[in-house]
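Worksheet for the structure shown next.
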Amino acid sequence: MSSSSSSFQMGQLVADKHVRYVLMSEKKKESFESVVMDHLRMNGAYWGLTTLDLLDKLGSVSVDEVISWLMTCQHESGGFAGNTGHDPHVLYTLSAVQILALFDKLDILDVGKVSSYVAGLQNEDGSFSGDIWGEVDTRFSYIAICCLSILKCLDKINVEKAVDYIVSCKNLDGGFGCTPGAESHAGQIFCCVGALAITGSLHHVDKDLLGWWLCERQVKSGGLNGRPEKLPDVCYSWWVLSSLIMIDRVHWIDKAKLVKFILDCQDLENGGISDRPDDAVDIFHTYFGVAGLSLLEYPGVKAIDPAYALPVDVINRILLTKGTQMVF
Amino acid sequence: MHGRPRKAYKPEEEAASAAKAAKLRSLQFQFMSNHHNKIYTKEAVDLSTKLLEINPEAYTAWNYRKLAVEDKLSRIESDPDLVKTILDEELTVVESALRQNFKSYGAWHHRKWVLGKGHSSVGNELRLLDKFQKLDTRNFHAWNYRRFVVELTNRSEQDELQYTDAMIGSDFSNYSAWHNRSVLLSSLLARKADGFLPNKKIPDEYKLVQNAIFTDEDDQSGWFYHLWLLDQTVNVETPLLTSSWPSHGSRINLSAGCLNDSFSESGSFPLILYFDQAVGGVSSSTVTIDTELKGNEDLVWEPVSKKNSQVSCVWVARLKYISSEPCFGKEYKVKVKIGNSPGIVSSRGCNFSASYEFVFTAHVHDTVEESSQEGIVSWTDGFDIWDAESKDLNALTTLDRSNAQMDSKWRQEAIAEEIDLFRELPDSKIGKLTLARLLMAKAMISDDAVKGVHYNEILELYKDLMALDSSHYQYYKDVHSVALLRKVTSSTEDLSGHLFRCRNMNNSVCLRLNNLSLSRIASVEKLLFVQMLDLSHNELHSTEGLGNATSLLPKSESQQNPEFFSSGLTQTSETAESVGCFTQPHR
């Protein structure tokens, strides 16, 4: 933690503007940029709604409207699509479950059906496919584990093999890639470390080695990049930061400088946060910027769980309800 | 979503965007209708092509195309020419989609799916890859696809290694190429392929990566590769024994009589083996105990590990003792031999081949225990200087020295050369950091005489780095603490300066590591003989590193857990006060 509090005076989180931006984006659907993202509206909804909840404004949306749309995205298979009419995929299934968790409406799900869809995508080697077409990626391992954990059905998969597969994607620099042998990337690292955290398997991580790789993502401007020699981007404030927190090495970066970088990426007039200062804003980066500030304990932002990427009070609520296996 | 400048749209721009959006909407609508009605006519499929050209991220369209392909393939009589035409068409669509967005997961996966249908031309795929990898040498989709093609076509690792040679040769600032190289090389080294022996290859690689580090001191591309090379240089594959409790030449006191409520005359104490890496196969056949203490013929060894794992760095067995003469003390020698029979194997498959032997004495007596475990320990007085001739410390260094003998010449030469080279890099962060790591490596494989000098320089370098790269201050502070603790535990001389006997606590062995600005605990495996540990007035961030030790510490015969007092462990760097003291209630 920085010893001086003056860093928080350097910039300011224009929370109200971001709330307005999120609510407006939800409605505005007719620009080319929106239509081109149509297929991932479920992700967009998760980003927007979680941002609202972190800023304590989840009450600004109509729960029923969101949920009735959300349920139109569910398939016979139990999986959810990115938007009405599209095919199911784990990416959107997790977002759907996370959204329901935010609204404390997980009970409307046929948990058996959804969990069977996800569990059915585990392969022989422990890896997970994204859908029936077989793309394998450690992102899907994280998604499956996170989703089934929230639904308390982790025992439906072979957790040991799932962990083994993730460990097989560990690289010599301590990081993780999408598949065995793939280059370390902060996004994949978040997924693998998160999955290992949820399954109680963090002892497989060389925390010092990975910690150094991760803390060196902080560049001179204070922002974080996703891998060596790349530009900093606000979304890595989440992926790198949450990974560092999960392995207890977040003190290895300069938190005050990162806060300043995120605040500099805000559009102070219209709300929203961009990847880099003065770039165009979008929901994706708005969420990751606010989530990053949450991890940095910025005042006025609710606490977020680094592994589940949901507000801590939401996770606590789930932990306290009955169920079999949330944590392995 | 990335890299677009922030600007307000002019009305004409908004109108144009809305028009484009409307067109795309209509395409999507028609596509969805075809998809849900399973229409795979040429017209319908062409529509999906148009859609994917505008928006390669419309994943449902890629799914649709797969269904269309499967539908077409089911209608033709596996005429190879027809199959080729169908699949070629897909490859064309993918290529044009990739030109629109060469990071599209959907496009790359579709290509893999098509190739999985058995239609592949290595030449074509490698040519395509070449194009994309030249456009963006860091495109991990392309690199992943490359690995996929390599596996599909059985291209040799040596050929691929040459490819990374070419990439690095044209631009050293290519982390992706260095990464790929590390994967290939470690595989070739592991299977001892022709011409890939570490003693020749690793020094060659050091020369290769020097360019990447020295040309631009801020460019990280070579840093992690160099660290991996250092790891390959320093780490011996074969497992070694780091420490034991009781240690060689030590004397432990055990009391019988008033142990359990039932007043029986026997008890047990733990025998702990600490290896430098996780091993399996520690058992009464691979570890032999030679002692007069009865009942210890078939010891059960257990790994200290999470979750029923059969491998661990730490193994424990309990030795029984019986007090048959209630009033007189009796001394029993215990000789432990490890490595005489094969069977201990590391989790990486390397056999434990060294042979160790250590002897300690167990003194069984009948004293009633003084109950002085409760109460506050006074830290200002009541400490006697440790007797430097104590055998406990000698045991420590004996193990170190026999471990050091396992090193071969090439390791020492490689490290020495790298040290000379890095001394030439003036005042740069990576120069100092790498030099500190190299010196640490050298200290690990050197003998006592030189160790002290190295550690002092290492500590200075980390102090420099705390000032030079203040964003990572806490990282350097942590590694400084680790180095300091390694120094303290590396030689009898260093350690004895911190050892005391605490009069109030049965003359327990106390290690005082107070006021050292420690932010991290390490080298605990060397401190199993310590009964009290003073970590007060430091800046400990957490108790990580201590965990193993407290669970290992010999529990009292009445199975009381060692008491661990910790108050005020805080995370602020300002009020850094942490008091940690644990006692081993063993006699």
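Just the heavy atoms: all of them, side chains too, but no hydrogens, waters or symmetry mates, feed the values below. Throughout, protein chains are lettered first and strands after them, A, B, ... in sequence-line order, and every chain is numbered starting at 1. Computed from a predicted structure; not experimentally measured.
For the pair Arg276(A) (side chain) and Arg4(B) (backbone), a donor-acceptor distance under 3.5 Å is absent. In this structure, His39(A) contributes its side chain and Glu57(B) its backbone to a donor-acceptor pair below 3.5 Å. When atom types are taken as modelled, the side chain of Asn55(B) and the backbone of Val36(A) share a donor-acceptor pair closer than 3.5 angstrom. Between the side chain of Arg147(B) and the main chain of Gly181(A), a donor-acceptor pair closer than 3.5 Å is present.
In this structure, a donor-acceptor pair under 3.5 Å is absent between the side chains of His2(B) and Asp279(A). Side chains of Tyr475(B) and Asp208(A): no donor on one and acceptor on the other come within 3.5 Å. For the residue pair Gln218(A)/Ser471(B), the side-chain donor-acceptor check at 3.5 Å is not satisfied. Side-chain atoms of Glu229(A) and Gln220(B) include no donor-acceptor pair closer than 3.5 Å. Between the side chains of Asp478(B) and Trp252(A), at least one donor N or O lies within less than 3.5 Å of an accepting N or O.
Of the atoms belonging to His110(B), not a single heavy atom falls under 4.5 Å from chain A. The part of Ser173(B) that comes within reach of chain A is its side chain, from C-beta onward, which places non-hydrogen atoms under 4.5 angstrom from that chain. For a residue to count as touching a neighbouring chain, one of its non-hydrogen atoms must lie under 4.5 Å from one of that chain's; by this rule Gln28(B) touches chain A with the side chain only.
Classification of Lys220(A) and Asp218(B) as a salt-bridged pair holds, one side-chain N sitting under 4.0 Å from a carboxylate O. A salt bridge does not link Lys112(B) to Glu135(A): none of the charged nitrogens lies less than 4.0 Å from a carboxylate oxygen.
Distance check, rounded to the nearest 0.5 Å: OH of Tyr225(B) to CG of Leu172(A) gives 9.5 Å. Rounding to the nearest 0.5 Å places OH of Tyr59(B) at 7.5 Å from NE2 of His89(A). The OG atom of Ser184(A) sits 11.5 Å away from atom CZ of Phe140(B), with the distance rounded to the nearest 0.5 Å.
Within a 6.0 Å radius of NZ in Lys230(A), other residues, nucleotides and ligands contribute more than 12 heavy atoms.
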